[in-house]
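Input: a single structure, listed below in structure tokens.
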Amino acid sequence: MKQDVIKFDNHIYQIDVFMENKPGRMSCYYIDSSNPILIEVGPSNSFPYLISSLESLGINEVNRSAMTHLHLDHIGGIGHLVEKYEEHFVYIHELGLKHLPNPEKLWKAVTDIYTEKWLIENWGKIKPTPIDKIKTLNDNECIDLGNNRKLKAYHDPGHAKHHYSFYDDVSKTLFIGDTLGLIYPHGNFVQPNLPPPDFDKEILFKTLEKFEKLELNNLALAHFGIHKNPYDLITNAKESIDVWIKFIENLPETSNQEASSIMEQWVRTNYEFLGIDKETIDNYTNNVHFEMQVAGIRNYLLKKKNS
Ligand SMILES: [Zn+2]
């Protein structure tokens, strides 16, 4: 089975789980400290790739994991994880208690957007997680990694209200899930990821401004990989989010579908104008559900208008 694992300093492994059978779309992380932890599990269909990579590192038992949020591309394989490793438990936002043992609502939220057929083929069916395998997180909670090393959990809403990011105080790496946005391989810029119902610019910017105050060497994104210019990327993300919101504000008389195709073309043209190669542009645009981005931005604008 194909594997792609990159070892970083301080015993951090980046594991490509080949989401949708493609490289460079979803990374999980493993911190091989004296008290190790897995960060993210990826979708259900990716689980064999995750296990194969862990085993290639000689890791045959994983007792705990931390999940950034409750979207199925991040937690779809969670039921497999607790089934495979008897002792395993997961750290997650308290909404996990409600949804992981009965994942029907999470399933429906995605099938409403992508269809059930797409979801089964691409991310795979999900198994319920027993409630006693779930440990809920608190803001600023420190997870002990052994040898005086800690992983600090920050509740960081903006992309999703149930999002947590995790800060490793030894490597100064922030495992930021989807809060920042997307950075695909070969790209060095952030593409926003602003889905409904939770995207809220003011909340997200407050989160990003909090992170700018941390001492950061690396940002570890789910989509995709570890990046070594954290402050530039946070600035870049905020600028892009502002530009995307403005663009949608200027398309008031269109359906979400119409706006999304206009937006996709505009995003592509902007990237071409910046001189970005076609493969990178395809990476950034072909796998984005632009209609969902439009819906997320419009939902935020409506909330703001009514508040
Ligand atoms: Zn995601």
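What you see below is based on every heavy atom in this structure, not just the backbone, and it leaves out hydrogens, waters and symmetry mates. Residues: numbered from 1 along the sequence shown. Numbering of ligands and ligand atoms starts at 1, following listing order.
- Aromatic pair Tyr164/Tyr154: centroids not less than 6.0 angstrom apart.
- Taking the six-membered ring wherever Trp is involved, the centroid distance between the rings of His162 and His155 does not fall below 6.0 Å.
- Vertex the Zn ion (ligand 1), arms ending at OD2 of Asp178 and NE2 of His223: the angle is 110° after rounding to 10 degrees.
- Distances from the Zn ion (ligand 1) to the N/O/S atoms of Asp73 are shortest for OD2.
- Atom CG in Leu174 sits 9.0 Å away from atom CG in Leu221 (nearest 0.5 Å).
- Under 2.8 Å from the Zn ion (ligand 1) lies no N/O/S atom of His69, from backbone or side chain alike.
- For the pair Leu194 and Lys201, the minimum side-chain heavy-atom distance is 4.5 Å or more.
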